[in-house]
Asks: 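Here you go, one structure.
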Amino acid sequence: KYNEKCLSNLTGNKLWKLYQLYEEKEYFTHLVSYGSPQSNALRAMAYFAHIYQKKMIYFVHRLPSKETIHPESNLAVALRLGAEVQEVEAECLRSFSFNYYTNKMNKGSLARFVLQGIEGQDAKKGMERIAKEIKEDLIRENIDVENLCVCLPAGTGTSAFYLRQFFYRRCREEVNI
C-alpha cells in the first residue's frame, strides 16, 4: 500500500492528498504553494519535498517572529526540512505564489504549483485511492459497503468531499456532533 511506502511523518488525509504529487514526483524539481504558517499542509509538503529532494517555496500572509515560533510547530518543522517560506501581502497571496511558479517554469525550472491546503484536483486521486482501500478492507471483513456511511472530521472539507463521491451511497442521515 502507498501509505506503507512513506515515512511515518506523512500520515492521515495529507498523506493521501499528496498521492498525485507522489505519482508526478519525477516531473518537477520545485514545489510551490501558499497558505498559513500553521498549516498541516505546509508540514506535509515540506516532508514530501525533503523525502523526494525537491525545493519547496511556500508563501504566507504573515510570518511570526523567530522568537515566537514553537520548535515543533508546522512552520518550524518545515523550515528545518529546508522549506523556503516567504511573506507576501494577504490580498496577493494566491496570485503571487502562482506568478512565482509561472516565472520558475518560464526560466526552465520544473515547478509544481499546489493549491492552499492541497485541495482541488491534487487531492482527488489520493482520496479515490484511499476510498478503494477502505472498500477492499471492508469487503474482506464481510461488511456491507453498499450501505456504508463514512463520517470524518475535516479542516478544509476536501477529504470529506472526495470520499463522499467515491463511496457507493450517500449517507441518509445527518450526523450531529
Side-chain angles (χ1 to χ4, degrees), residues 2-3 5-130 152-163:
Y2 161 67
N3 59 336
K5 294 178 188 174
C6 292
L7 297 178
S8 62
N9 292 314
L10 285 175
T11 60
N13 72 329
K14 297 296 185 248
L15 169 75
W16 291 102
K17 289 169 84 173
L18 288 168
Y19 185 73
Q20 180 74 33
L21 295 178
Y22 170 76
E23 287 200 328
E24 297 173 4
K25 69 184 179 300
E26 305 303 319
Y27 304 106
F28 63 90
T29 57
H30 291 70
L31 194 54
V32 180
S33 191
Y34 64 98
S36 164
Q38 295 91 17
S39 171
N40 291 328
L42 164 61
R43 185 182 191 128
M45 287 186 290
Y47 273 115
F48 181 92
H50 179 74
I51 292 165
Y52 296 109
Q53 300 174 341
K54 310 295 180 188
K55 180 171 172 73
M56 182 182 165
I57 301 95
Y58 191 82
F59 296 96
V60 298
H61 156 61
R62 185 175 300 137
L63 271 172
S65 66
K66 290 188 180 192
E67 304 81 48
T68 63
I69 299 173
H70 187 278
E72 290 308 311
S73 69
N74 292 334
L75 175 59
V77 171
L79 291 170
R80 279 197 306 273
L81 290 168
E84 182 182 323
V85 181
Q86 296 181 16
E87 185 175 280
V88 296
E89 291 185 32
E91 51 278 349
C92 304
L93 195 56
R94 184 175 181 164
S95 62
F96 186 89
S97 50
F98 187 76
N99 288 340
Y100 180 91
Y101 153 77
T102 304
N103 190 29
K104 280 286 188 196
M105 292 298 285
N106 290 338
K107 290 183 178 177
S109 292
L110 300 173
R112 178 64 161 76
F113 183 74
V114 180
L115 288 171
Q116 180 177 2
I118 320 169
E119 63 182 29
Q121 291 298 310
D122 282 332
K124 185 176 182 178
K125 192 170 212 168
M127 292 295 105
E128 182 176 26
R129 175 127 181 197
I130 188 60
L152 68 149
T156 63
T158 301
S159 299
F161 174 78
Y162 283 117
L163 284 176

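This structure is a prediction, so every number in the text was calculated from the model and none was measured.
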Asks: Any chance you could lay out the side chain to side chain contact (heavy atoms under 4.5 Å, CB included) test for Gln121 and Tyr162, step after step, and finish with the verdict?
Replies: CA-CA 10 Å; Gln121 291 298 310; Tyr162 283 117; 3.6 Å; yes
Asks: Below 4.5 Å, heavy atoms only, C-beta onward: do Ile57 and His30 meet side chain to side chain?
Replies: yes
Asks: Just wondering, do Leu75 and Pro64 contact through their side chains at under 4.5 Å, heavy atoms?
Replies: yes
Asks: Quick one: is the NZ or CZ of Lys25 closer than 6.0 Å to the six-membered ring centre of Tyr22, and within 45° of its axis?
Replies: yes
Asks: Please examine the side chains of Val88 and Val60, heavy atoms only from C-beta on, and report whether any two atoms are closer than 4.5 Å.
Replies: no
Asks: Find the distance between NZ (Lys54) and CG (Leu31) and round it off to the nearest 0.5 Å.
Replies: 9.0 Å
Asks: Just by distance, do the side chain of Arg80 and the backbone of Glu72 share a donor-acceptor pair under 3.5 Å?
Replies: no
Asks: Any non-hydrogen side-chain atom of Met56 less than 4.5 Å from a side-chain atom of Glu84?
Replies: no
Asks: Is Arg112 close to Glu24 at the side-chain level, that is, under 4.5 Å between some pair of heavy atoms?
Replies: yes
Asks: Got a second to check how far Tyr19's OH is from Ile130's CD1, nearest 0.5 Å?
Replies: 11.0 Å
Asks: Just verifying a value: how many Å separate Lys14 NZ and Asn40 CG, rounded to the nearest 0.5 Å?
Replies: 5.5 Å
Asks: Taking C-beta and beyond as the side chain, do Thr29 and Lys55 meet within less than 4.5 Å on heavy atoms?
Replies: no
Asks: Report yes if some heavy atom in the side chain of Lys17 is under 4.5 Å from a heavy atom in the side chain of Ser159; otherwise report no.
Replies: yes
Asks: Once side chain to side chain donor-acceptor pair (under 3.5 Å) is applied, do any residues pair with Lys125, and if so which ones, sequence neighbours excluded?
Replies: Glu23
Asks: Evaluate the criterion side chain to side chain contact (heavy atoms under 4.5 Å, CB included) for residue pair Ser33 and Gln116; output intermediate values, then yes/no.
Replies: CA-CA 6 Å; Ser33 191; Gln116 180 177 2; 5.5 Å; no
Asks: Assess whether salt bridge (Lys or Arg N to Asp or Glu O under 4.0 Å) is satisfied between Lys124 and Glu119, documenting all intermediate values.
Replies: CA-CA 8 Å; Lys124 185 176 182 178; Glu119 63 182 29; over 6 Å; no
Asks: Residues two or more places apart in sequence or in another chain: which of them pass ring-ring contact (aromatic ring centres under 6.0 Å, His included) with Phe28?
Replies: none
Asks: How many angstroms lie between NE2 in His61 and OG in Ser36, if you round to the nearest 0.5 Å?
Replies: 10.0 Å
Asks: Under 4.5 Å between any side-chain heavy atoms of Val32 and Tyr58, yes or no?
Replies: no
Asks: How long is the straight-line distance from CD1 of Ile118 back to CG of Leu21, given to the nearest 0.5 Å?
Replies: 7.0 Å
Asks: Assess whether side chain to side chain contact (heavy atoms under 4.5 Å, CB included) is satisfied between Tyr47 and Val77, documenting all intermediate values.
Replies: CA-CA 9 Å; Tyr47 273 115; Val77 171; 3.6 Å; yes
Asks: For Tyr27 and Leu110, run side chain to side chain contact (heavy atoms under 4.5 Å, CB included): C-alpha distance rounded to whole Å, both residues' side-chain angles, the deciding distance at 0.1 Å, then the answer.
Replies: CA-CA 7 Å; Tyr27 304 106; Leu110 300 173; over 6 Å; no
Asks: How far does CG of Leu79 sit from CG of Asn74, to the nearest 0.5 angstrom?
Replies: 11.0 Å
Asks: Taking all non-hydrogen atoms of both residues, which atom of Ala76 and which atom of Pro71 are closest, and how far apart?
Replies: CB-O, 3.4 Å
